[in-house]
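Order of listing sets the numbers, starting from 1, for every ligand and every atom in it. For the single chain, residues carry numbers from 1 onward in sequence order.
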Amino acid sequence: MDQPMLAHYIDGRAWAPAEPRVGDVYNPATGEVARQVALAATGDVERVVASAANAAPAWAATSLAKRTQVLFKFRELLSARADEVAALITGEHGKVLSDARGEVIRGLEVAEFACGIPHLLKGSYSANASTDVDVYSLRQPLGVCAVISPFNFPAMVPLWFVPIAIACGNAVVLKPSEKDPSAANLIAQLWTEAGLPDGVLNVVHGDKEAVDALLNHPDVASVSFVGSTPIAKYVYETATANGKRVQALGGAKNHMLVLPDADLDLAADAAVNAGFGSAGERCMAISALVAVEPVADELIAKIRERMAGLRTGDGTRGTDMGPLVTGAHRDKVTAYVAAGSDAGADLVVDGRDGTFDGSDTGFWLGPTLFDRVTPEMSIYRDEIFGPVLSVVRVASYDEGVALINANPYGNGTAIFTNDGGAARRFQNEATVGMIGINVPIPVPVAYYSFGGWKDSLFGDTHAHGTEGVHFFTRGKVVTSRWLDPSHGGINLGFPQT
Ligand code: NAD
């Protein structure tokens with residue numbers, strides 16, 4: 001098969017070694033191989049990191065005014081070409097065009113936040129902290145920062161990190177998912193067009209070999225990883241053992257707790273949007289709906305009504321939900337549907353029976369709803385990452401919160417209620433990093449930080465917002481004395497006055 005091949009992006013242009021190992025990139029709506037992508041060998045990663053290390057010092061020394069000009073220009077270019085990036089995402093990930101555009105816009109918001117870097121990097125200054133001694137703080141870049149991203153947000157997740165790392169004066173090596181790699185190259189090209197010096201952002205494509213080369217490279221100062229929990233844990237353990245600063249965001253199982261006093265129409269809309277948007281391939285998707293009795297029957301009836309109107313099909317045709325990312329992933333999700341049914345859950349809507357607006361060979365599975373799911377079933381326990389919503393019935397608020405808190409994941413959760421006191425208790429009691437109150441997908445805006453608890457994040461620092469600025473810089477405190485006329489004197493004690 002003779003397919004076009006996506007190359008790495010280094011020093012402001014595409015580059016690939018003569019005969020690289022390659023991976024297939026599918027169009028999930030047709031099931032066909034759309035292109036191939038170069039998969040970096042360790043030596044290729046060496047070259048990419050060397051380019052970034054070479055570019056980093058001059059970029060770190062570039063004034064805030066000049067860095068900000070590049071950021072503003074990048075923001076304008078990305079905004080102008082958002083539809084182009086979205087089309088690439090739909091063509092490789094499968095999510096519908098409006099949703100692909102939405103993720104570009106959420107990423108763009110981080111670039112907008114990073115435009116305020118002169119303010120964000122301001123240190124503090126204490127005049128005359130001791131007699132004639134001034135003390136002040138600086139934050140300085142780390143050097144070369146690696147960003148390793150998952151398939152489900154090929155633009156937004158890289159943009160959680162890249163603009164802030166660059167704004168802070170670092171050089172970045174981005175390793176996107178090999179399943180949908182094209183958006184990363186276009187975004188890198190826009191940075192070059194915005195005036196970013198060559199080498200400050202390089203993109204290296206690849207799989208485990210490329211990731212391992214980054215985790216073990218002595219010139220890589222930090223790793224920002226987003227992906228499944230086992231790989232996040234591996235990345236965290238390997239890179240911290242190598243002395244790197246690491247934030248490794250993992251998988252999720254997000255619960256939506258519906259109390260009896262909730263607006264059930266609002267809750268049903270939210271469950272459908274958050275359960276089936278992007279075919280459930282969102283780390284903040286709702287996959288477990290916890291209904292506090294007696295609402296389950298009425299809520300499920302409303303959800304079924306809404307599911308009946310959903311159109312699954314090719315994301316370029318104005319459908320509501322697209323295909324799954326690969327055939328292997330679709331088969332894995334389908335196997336979970338069979339397992340849930342075998343385990344005794346009520347299969348209320350079976351997505352395997354769906355009709356699909358698209359090619360017969362697309363990676364289809366329709367929205368699927370289970371009722372009477374119990375915590376020991378694999379459809380509850382595991383992150384399925386597909387359009388499968390499980391209803392768990394509980395008798396009380398306390399039982400619902402206990403279930404959520406017993407779950408090893410802690411990315412996002414939501415409560416639906418009209419009782420402010422219950423919502424307030426929930427925000428304090430849930431052991432989860434991002435809480436929605438009558439909001440099913442509480443992804444924080446760019447100037448707050450995104451991150452989960454427990455098995456959903458390894459490391460301390462969340463993504464973007466001020467925590468992002470903190471992650472991509474390290475602090476320094478300067479104690480200075482300028483005397484006129486200069487004089488010294490011997491005193492072996494700490495200065496106290
Ligand atoms: P993944 O873990 O398979 O891949 C993530 C990255 O790791 C990719 O760049 C991939 O090339 C690389 N990788 C894969 N296998 C590897 C290995 N054995 N060793 C080293 N690197 C490896 O995840 P995915 O399937 O691309 O993305 C979906 C997962 O990401 C879900 O679990 C989802 O919850 C999670 N996710 C989490 C967040 C969050 O913010 N917590 C956001 C988006 C996605």
Side-chain angles (χ1 to χ4, degrees), residues 21 23 25 28 37-40 42 45 92-95 103 106-107 110 146-161 173-181 183-184 203-216 223-239 246-254 278-287 324-326 328-330 332-333 382-386 407-413 432-434 441-444 449-459 461-465 467-468:
R21 209 158 49 88
V25 180
V37 59
L39 301 176
T42 303
V45 174
E92 294 182 349
H93 175 285
K95 66 177 73 175
E103 81 153 279
R106 292 308 296 262
V110 181
V147 174
I148 301 164
S149 56
F151 81 82
N152 67 320
F153 285 110
M156 183 183 80
V157 167
L159 289 167
W160 279 352
F161 306 102
V173 174
L174 169 62
K175 206 301 285 171
S177 169
E178 65 276 35
K179 292 188 181 124
D180 45 16
V203 179
V204 65
H205 295 289
D207 52 14
K208 179 172 168 53
E209 183 170 350
V211 172
D212 284 341
L214 288 168
L215 303 183
N216 291 308
V223 178
S224 300
F225 173 90
V226 181
S228 57
T229 289
I231 311 290
K233 197 158 181 279
Y234 165 76
V235 165
Y236 181 77
E237 286 168 357
T238 309
V246 186
Q247 48 182 178
L249 284 69
K253 191 84 193 177
N254 304 310
S278 198
E281 292 171 326
R282 288 180 180 145
C283 59
M284 291 290 274
I286 293 292
S287 50
L324 289 165
V325 67
T326 58
H329 187 56
R330 189 266 321 274
K332 183 176 151 201
V333 177
D382 298 350
E383 180 184 41
I384 299 176
F385 224 56
N407 196 282
Y409 296 108
N411 214 36
T413 187
V432 173
M434 293 170 282
I441 304 195
V443 173
S449 298
F450 181 109
W453 286 15
K454 302 188 281 187
D455 284 359
S456 294
L457 188 143
F458 300 90
T461 316
H462 294 194
H464 63 69
E467 290 196 41

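At least one heavy atom of Trp160 sits less than 4.0 Å from an atom of ligand 1. Contact between Gly452 and ligand 1 is absent, with no heavy atom of the residue lying under 4.0 Å from the ligand.
Closest approach of Ser149 to Pro176, counting heavy atoms only: OG-CA, 3.3 Å. Phe450 and His462 make their closest contact through O-CB, 3.2 Å (heavy atoms, listed as atom of the first residue, atom of the second, distance). Looking at every heavy atom in both residues, Leu214 comes nearest to Lys175 through CD1-CB, 3.9 Å. Between Glu467 and Ser449, the shortest heavy-atom distance links the atoms CB-OG, 3.3 Å. The two atoms that bring Leu174 and Ala184 nearest to each other are CD2-CB, 3.9 Å, heavy atoms only. Of all heavy-atom pairs spanning Val37 and Pro181, the tightest one is CG2-CG, 3.8 Å.
Of the candidates Leu249, Thr326, Val226, the one placing a heavy atom closest to atom 5 (C) of ligand 1 is Val226. Around atom 28 (C) of ligand 1, the closest heavy atom drawn from Phe385, Tyr409, Phe153 belongs to Phe385. Taking all heavy atoms of Val211, Val147, Thr238, Asp207 into account, the minimum distance to atom 20 (C) of ligand 1 is reached by Val211. Considering each of Lys208, Glu383, Met156, Arg282, the one bringing a non-hydrogen atom nearest atom 19 (N) of ligand 1 is Lys208. In this comparison of Gly23, Gly250, Pro154, Ser456, the heavy atom closest to atom 39 (C) of ligand 1 sits on Gly250.
Using a 4.5 Å cut-off on side-chain heavy atoms (C-beta onward), His93 and Ser278 make contact. The closest side-chain heavy-atom distance from Arg282 to Val443 is not below 4.5 Å. Side chains of Phe161 and Ile148 form no contact here, defined as non-hydrogen atoms less than 4.5 Å apart. You'll find the side chain of Glu209 stays beyond 4.5 Å of the side chain of Leu39, heavy atoms only.
Listed by atom number, the atoms of ligand 1 under 4.0 Å from Gly251 heavy atoms are 32 (O), 34 (O). Close approach of ligand 1 to Ile148 is summarised as follows: ligand atoms under 4.0 Å from at least one heavy atom of the residue are 9 (O). Below 4.0 Å from some heavy atom of Cys283 lie the following atoms of ligand 1, by number and element: 34 (O), 36 (N), 37 (C), 38 (C), 39 (C), 40 (O), 42 (C), 43 (C), 44 (C). The contact set between ligand 1 and Phe450, taken as ligand atoms under 4.0 Å from a residue heavy atom, comprises 39 (C), 40 (O).
For atom 27 (O) of ligand 1, the nearest non-hydrogen atom of the protein is Pro150 CB, 3.2 Å. When hydrogens are left out, the protein atom nearest atom 35 (C) of ligand 1 is Gly227 O, 3.2 Å; that is the closest non-hydrogen contact. Summary of contacts: the protein heavy atom closest to atom 23 (O) of ligand 1 is Ser228 N, 3.5 Å. Looking only at protein heavy atoms, the nearest one to atom 26 (O) of ligand 1 is Phe151 N, 3.0 Å. Closest protein heavy atom to atom 43 (C) of ligand 1: Asn152 OD1, 3.3 Å. Ranking the protein heavy atoms by distance from atom 17 (C) of ligand 1 puts Ile231 CD1, 3.6 Å first. At the top of the distance list for atom 8 (C) of ligand 1, counting protein heavy atoms only, stands Ser149 O, 3.3 Å. The closest protein non-hydrogen atom to atom 7 (O) of ligand 1 is Phe225 CE1, 3.3 Å.
If you look at Pro230 next to ligand 1, there are no close heavy atoms at all, none under 4.0 Å. With a heavy-atom cut-off of 4.0 Å, Leu457 does not touch ligand 1 at all. Neither the backbone nor the side chain of Met284 comes within contact range of ligand 1; no heavy atom lies under 4.0 Å. Contacts between Glu178 and ligand 1 below 4.0 angstrom, taking non-hydrogen atoms only, involve the side chain exclusively.
Enclosure of atom NZ in Lys233 is not indicated, since only 12 or fewer non-hydrogen atoms of other residues, nucleotides or ligands lie within 6.0 angstrom.
Looking at Glu103, its side chain does come within 3.5 Å of a backbone N or O of Ala155 through a donor-acceptor pair.
For atom 15 (N) of ligand 1, a protein heavy-atom neighbour is present inside the 4.0 Å cut-off.
The aromatic rings of Tyr236 and Phe458 sit tilted, their planes meeting at an angle between 30° and 60°.
Exactly one of Leu457, Val157, Ile231 qualifies for a side-chain contact (heavy atoms from CB on, under 4.5 Å) with Val226. That residue is Val157.
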